[in-house]
A.B. asks: 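I have a structure here, written as structure tokens, and I will follow up with some questions on it.
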Amino acid sequence: MKRDRQNQRRWSLSRKLNLRVLGLVLGAWALTIGLALFELDADMNELFDGELQALVETTVLALDAQPSAAIPRTLGIRTGRDERVLRILDPAARPPAMPWPALVGDGYHDVPGWRVLRREAEGAIIEAAHSLAWRREEMIEAAVAMGLAVLPLLALLLWALSATTRALTRPVADLSEQVASRSPDDLSPVPEAGLPDELRPLASAFSTYLARIATLREGERDFAANAAHELRTPLAEARAYLQLSADPDARAAVARLDALGRRVERLLQIARLQGEIGLGRGPADLVRIVSLVLHELRPRSPRPIRFDDGDRESAMVAADPDALAIILRNLIENAAEHGTGPVRIHLLSGATLTITNPAAPGTRLSEHRGQPGKGSLGSGLGLSIVDRLAEDMGIDVAYRVEGQKVTVTLHFDEAGDPPDDPKDKSSGRRVSFRRKGKSGAAGQD
Amino acid sequence: MRLLVAEDAADLAETLLRALRAEGHDVTHAATALEARAWLDAGGFDCVVLDLGLPDGSGMMLLRGMRRAGDRTPVIIATARDLISDRIAGLDAGANDYVVKPYDLRELSARIRAQARAAKGAAQDHGGPVDLGGGLRVDREAARVWRDGAEVRLTAREWTVLEALLAARGRVMPKAALEEALIAFDAEIEGNAVEVYVSRLRAKLGAGLIETRRGLGYMLP
């Protein structure tokens, strides 16, 4: 469970790469800065000690040149702050305890708050000292100056790192975008030109997978086309034979044969559904498709069918023409069969189509899918197929009963509109065509 | 009428021929595209019933060949191919009508009569449905209009006005009657709706198509 959650957590390759490389670089940089500061501290202390040495030696020379110079005396090189102090003492006198206690022996001495160089020469004790606080302050100033010099370099590093990561991961982003933006029915190979060696096997494997899907889809479509020929031709033969028969019983069987024909049509529709007919995005001219479907349905429709094209010559929608025709045929047949009066089809502004029919009182739409309505000649699968195709094509279908009027409203994406995110179509892709569905609208009773 | 039925399913062809002959037609049967081509070259048919899946070639190629050669004989495709894209391809290739198997023999017969009738009415103009003059042809059955050979798309309202005028061709159609026809689309129509659609029809089909009889209405001469 936890592993599943971890797998589902979103993360970005370039962000992770940026963070990790940045972390490593900053860590290495911090270590380098630490070592540099350590070295700087040692060098500066050496420099300061050298200054003390020079001061003491200069003082010795001065005492040598002026033996009458007053001893003892104390000079604060920076008066008032006592950061750097020169003390010339009489060896015979008792040395003062401030600012540092008496020292024994020449050389450098580290006493609380001070670094002192003591030297006895020319009848005097010369002590030159630096305040440790002053030395620390100088050290911090030097470190800050170094840091300030490094900051622009650090910013430059961050920018360069981010730009490099973006450039290096661009092929991944491009490939990802190219795959994601494909229309659902685009099974063409993924172009490998310009891809790095690491991504080529992925693109190649993906293309192979797409080719296999294309072959399967082609096979399913061929099967549907062949099945249509193999099933419809003998049905046509049988129907023509029965229709011409002098036997009234044989002629009466024509209606049963027509019902069989409709079941065959539904099965062919399902076969085409399995062949992903609904993944195409056309475009299709809604006005022309409705007109053609009506030209086919009107002669055998039990009800008059009127089409108001909204005074438009065409309305291009992003839908596969064949799948669209199946949806319209099933809905119009359903309305004509179960309605009690003329079927009216209206093309509204945008790309919205309504199919309306008067219905008997008490008509309900919450019948089970996959079950024929009362007295229906159909298989009850028509609306299940409509729902599935509409889902595939991103068409909103709404069924509504108002009084004694049933309206089905279809909202299409106009051609040119971006299709819905194909990734979102993965959910609920399969609809089973069992005889007893679970819920939803169905044939009108 | 002299008909050619290009159909490779022997039983279906036999029954179809029997039905059409029973209606008094002179029917010739071709079981292959080659045979059909030969019969068509001989000419003289009023209508062709064409199956697309012929054993030696596609009926669609046969149809395209006919139209390329200027043969305007009405063709009704009768096929098991039921997809709308097949229907569009067939009509775009020059078929006059399209029926899907299994079809009703009476419906097919009615469509054959309609096509043959339309072709006869336009015989002097090399085929196509009813000739309106000025390069215009109209197929009232299929609600299609051509101007100088190119199909003109009409909206349902435009077609309704044109069809009402066609039904009363040669007579003045009162504006109120045309408004009555348009009311089928909208419960309330604008006062100038008829003028709007007549104007649109003139723009699409030619300025001289519809005559205005001031104070009386409109007329298709």
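Just so it is clear, the model here is predicted, and its values are computed rather than measured. Throughout, a chain's letter reflects where its sequence line sits, starting with A, and its residues are numbered from 1.
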A.B. asks: Do you know which of Glu313(A), Arg329(A), Arg312(A) has the most heavy-atom pairs under 4.5 Å to chain B?
C.D. replies: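 Most pairs with chain B among the choices: Glu313(A).
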A.B. asks: Measure the spacing between CG of Leu292(A) and OG of Ser85(B) and express it to the nearest 0.5 Å.
C.D. replies: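 If we round to the nearest 0.5 Å, Leu292(A):CG and Ser85(B):OG are 11.0 Å apart.
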A.B. asks: Against chain A, work out which of Asp86(B), Asp97(B), Leu91(B) has the most heavy-atom pairs shorter than 4.5 Å and name it.
C.D. replies: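 Ranked by contacts with chain A, first place is Asp97(B).
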A.B. asks: Out of curiosity, Ile84(B) CD1 to Ile326(A) CD1, how far, rounded to the nearest 0.5 Å?
C.D. replies: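 Result: 9.5 Å between the selected atoms.
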A.B. asks: What's the spacing between Arg87(B) CZ and Asp322(A) CG if we round to 0.5 Å?
C.D. replies: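 Rounded to the nearest 0.5 Å, the CZ-CG separation comes to 11.0 Å.
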A.B. asks: Pick one of side chain, backbone, both or neither for Asp285(A), based on which atoms fall under 4.5 Å of a heavy atom in chain B.
C.D. replies: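 Looking at Asp285(A), just its side chain touches chain B.
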A.B. asks: If you measure from the Lys or Arg side-chain nitrogens to the Asp or Glu carboxylate oxygens, is any gap between Arg200(B) and Asp311(A) under 4.0 Å?
C.D. replies: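 A salt bridge links Arg200(B) with Asp311(A).
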A.B. asks: Ala228(A), Ser291(A), Ala240(A): which one forms the most heavy-atom pairs within less than 4.5 Å of chain B?
C.D. replies: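 Greatest number of close heavy-atom pairs with chain B: Ala240(A).
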A.B. asks: Check the surroundings of atom CZ in Arg256(A): do more than 12 heavy atoms from other residues, nucleotides or ligands lie under 6.0 Å from it?
C.D. replies: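 Counting neighbours around CZ of Arg256(A), 12 or fewer heavy atoms of other residues, nucleotides or ligands fall under 6.0 Å, so no.
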A.B. asks: Less than 4.5 Å to any heavy atom of chain B: does that hold for the side chain of Leu347(A), its backbone, both, or neither?
C.D. replies: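 When you check distances to chain B, no heavy atom of Leu347(A) falls under 4.5 Å.
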A.B. asks: What residue, out of Arg300(A), Arg232(A), Glu230(A), has the most heavy-atom pairs lying under 4.5 Å from chain B?
C.D. replies: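 Winner by heavy-atom pair count: Arg232(A).
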A.B. asks: With rounding to the nearest 0.5 angstrom, report the CD to CG distance, Gln269(A) to Leu83(B).
C.D. replies: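 Reported to 0.5 Å precision, the distance equals 10.0 Å.
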A.B. asks: Going through the checks in order, is the side chain to side chain contact (heavy atoms under 4.5 Å, CB included) test met by Asp309(A) and Arg157(B)?
C.D. replies: CA-CA 8 Å; Asp309(A) 57 17; Arg157(B) 288 169 175 78; 4.2 Å; yes
A.B. asks: In terms of heavy-atom pairs under 4.5 Å with chain A, which of Asp51(B), Asp92(B), Leu16(B) leads?
C.D. replies: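 Of the candidates given, the most pairs with chain A belong to Asp92(B).
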A.B. asks: So which residue, Lys101(B), Glu158(B), Arg106(B), ends up with the most heavy-atom pairs under 4.5 Å with chain A?
C.D. replies: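 The candidate making the most pairs under 4.5 Å is Lys101(B).
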A.B. asks: To the nearest 0.5 Å, what is the distance between CZ (Arg111(B)) and NE2 (His295(A))?
C.D. replies: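 Interatomic distance, Arg111(B) CZ to His295(A) NE2, rounded to 0.5 Å: 4.0 Å.
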A.B. asks: Short question: side chain of Glu107(B), backbone of Pro299(A) - any donor-acceptor pair under 3.5 Å?
C.D. replies: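 Between the backbone of Pro299(A) and the side chain of Glu107(B) there is no qualifying donor-acceptor contact (under 3.5 Å).
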A.B. asks: In terms of heavy-atom contacts, does NZ of Lys175(B) have more than 12 from other residues, nucleotides or ligands at under 6.0 Å?
C.D. replies: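 Enclosed.
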A.B. asks: With a 4.5 angstrom heavy-atom cut-off, could you sort out which part of Arg344(A) is near chain B: side chain, backbone, both or neither?
C.D. replies: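 Contact with chain B is through the side chain of Arg344(A) alone.
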A.B. asks: About how many Å separate CZ of Phe307(A) and OG1 of Thr155(B), when rounded to the nearest 0.5 Å?
C.D. replies: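 Spacing of OG1 (Thr155(B)) from CZ (Phe307(A)) equals 10.0 Å.
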A.B. asks: Check each atom of Val100(B) against the heavy atoms of chain A and say whether the ones under 4.5 Å are side chain, backbone, both or neither.
C.D. replies: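 Only the side chain of Val100(B) comes within 4.5 Å of chain A.
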A.B. asks: Determine the sole option in Leu12(B), Thr15(B), Asp104(B) for which the side-chain contact (heavy atoms from CB on, under 4.5 Å) test with Arg239(A) is passed.
C.D. replies: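 It is Asp104(B); the other options fail the test.
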